[in-house]
Amino acid sequence: MVQNPVFINGIAFKEAVLDHALKTGRNIKQNRYDKAKIGFLCEGKGCSWRVYCSVSAKYPNKWQVKIMKKDHTCVPTGNCEMLKVPQIARLFVDKIKEEPDYFMPMKIEELVMEKWKINVSRPQCQHVWTKALRWIEREYDKQFGRLRDYCAEIRSSNENSSVELDCVENDDGIEVFKRFYVCFDILRRSWKETCMPLIGVDGCFLKSRMKGQLLVALGRDADNAIYPIAWAVIKVDLGLEEGEGYVMVSDRQKGLIAAVKRALPQIEHRMCVRHIYGNLKKNHGKKPDMKLKIWNLAWSYNEADYRANLRDIEMYDQDVYDDVMKSKPEKWCRAFYKLGPYCEDVENNSTESFNNSIGKARDKPFVPMLETIARLAMVRIAKRDVICSSHEGLCTPYVIEMLESLHKKASESMVRPSTNQTYESTTSNGCAHRVSLASRTCSCRRWEITGISCEHAYGVMLSKGLEAQDYVVHWFKTPIWRRTYAEGIVPLRGAKFWPVGPEPSIIEHVIPYQPGCKKVTKTDKKRKRGVNESP
Ligand SMILES: [Zn+2]
Ligand SMILES: [Zn+2]
């Protein structure tokens, strides 16, 4: 057990003995309790193992082992009186913090047996669980109280960043959290200078003790991937529903949009078609074909297609049609997109990658969650910086893929020239369209909306031996892609180094933790979270 018989204090010595007891499965028992002397012996039948440690005369302020009989003549029995509630709680507190509904008393009992072959009772493990939760709560409260200091750390490390923290005073005069918003200056600037002027909002409900919602404002980079610009956490009241992967509380989204707009005026806010469909489904149930019809409408690049698809919905169901008209389709159909943002997505396609990146931070308690989001954004930018720096070619992979998908149709199209760089282009079985290379337009409107040539224009380029990537809007070119990721968030320091302000600390609005309120599903049990998972 002891290679170095000197310890910094009695507690360190005790821990070493406990470690030995766990490793060997022997029932070690303390037999000397003194301020300056501690002794243990083995309770095993006829065993002479014992150890005795006291304050050292030789090394000032150290403890030293004086007597040590280190061979057991007993066999392990599965008992260990040293292993009491606080000791077990210390062994499991980090695990319970991560997954309190998985590391329940029964599981703890099983694990102690599995790992150390030691019997502990169920009531003991119940005490362990509640004790560990109490420790965790206390730690969270302490962290939460320092939210203002966290804001100060952001401002001092990332100058000119906007951080807003709103609280309300409760009846006891204590400040209670209401809203947090952060926009790192470098994200705001990089987005403004290098990403198309389009913002989407994604969000999820928190899994921490406080009922709240995390909302993230996302831009699109030159590769059509999400770029986090700002995020907010808002305390919410009970009774709100979570939609299928997205948040349906539009007035709260407006709050973040308003905050973003203060920082970034003149942006267009498009609605997400999934959002619209979710509302329709509430009123009309899952009607066959309704989804396809709604999506077709959203996908219409031009008003002619839009009108045809709208008529189709009207014929299909008058009530659905009425609701569609009420939902302001000009907000979510491509045909009405302002030209300029060059993002053709009608749905927040980013949801999936949002959940895989920033969204997974929501499992954490409040302050660690905020730290994790900033960290994920920081690492995401750094990783993409590496990817785009090594990418060769005029345009981003998104464009290359898009052109590849159009290549077959384009190469089969019939092209007839006119004057002034205009052409008539007809894909097989398609309608004739008017393409102008000079103004970079096609009467199908797809080119103007996406910023990347449609199959008709691509057909013209192929027939003329022109390089399609030369005609792609600058937002999708490699140099601007690289600029987006050239600079990222300055790393934030840990809580110990946060500037301590004079303001009083604040508290969470907490719904008391209810054991077992969340059922542990099979996938939860299987899930193992990696420490260094990439965003
Ligand atoms: Zn023994
Ligand atoms: Zn076209």
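Since the model is a prediction, treat every value here as computed from it, not as a measurement. The first residue of the sequence shown is numbered 1, and numbering continues consecutively from there. Every number for a ligand or one of its atoms is a count from 1 in the order of the listing.
One finds an angle of 110° at the Zn ion (ligand 2) between SG on Cys444 and ND1 on His456, to the nearest 10 degrees. With the Zn ion (ligand 1) as the vertex, SG (Cys42) and SG (Cys74) define an angle of 100°, rounded to 10°. The Zn ion (ligand 2) is the vertex of the angle joining SG of Cys454 and SG of Cys442, which measures 110° to the nearest 10°.
Remark: the backbone N or O of Pro76 is not paired with any side-chain donor or acceptor of His72 at under 3.5 angstrom.
For the pair Gln469 and Lys477, the tightest heavy-atom approach, listed with the atom from each and the gap, is O-CE, 3.6 Å. Across all their heavy atoms, Cys444 and Asn302 have their closest contact at O-ND2, 3.1 Å.
Judged purely by distance below 3.5 Å, without hydrogens or angles, the side chains of Asp221 and Tyr485 pair a donor atom with an acceptor atom.
For His433, every N, O or S atom stays at 2.8 Å or more from the Zn ion (ligand 2).
Residue Thr422 holds its OG1 atom at 8.5 Å from CZ of Arg434, rounded to the nearest 0.5 Å.
The closest approach of His72 to the Zn ion (ligand 1), by N/O/S atoms, is made by ND1.
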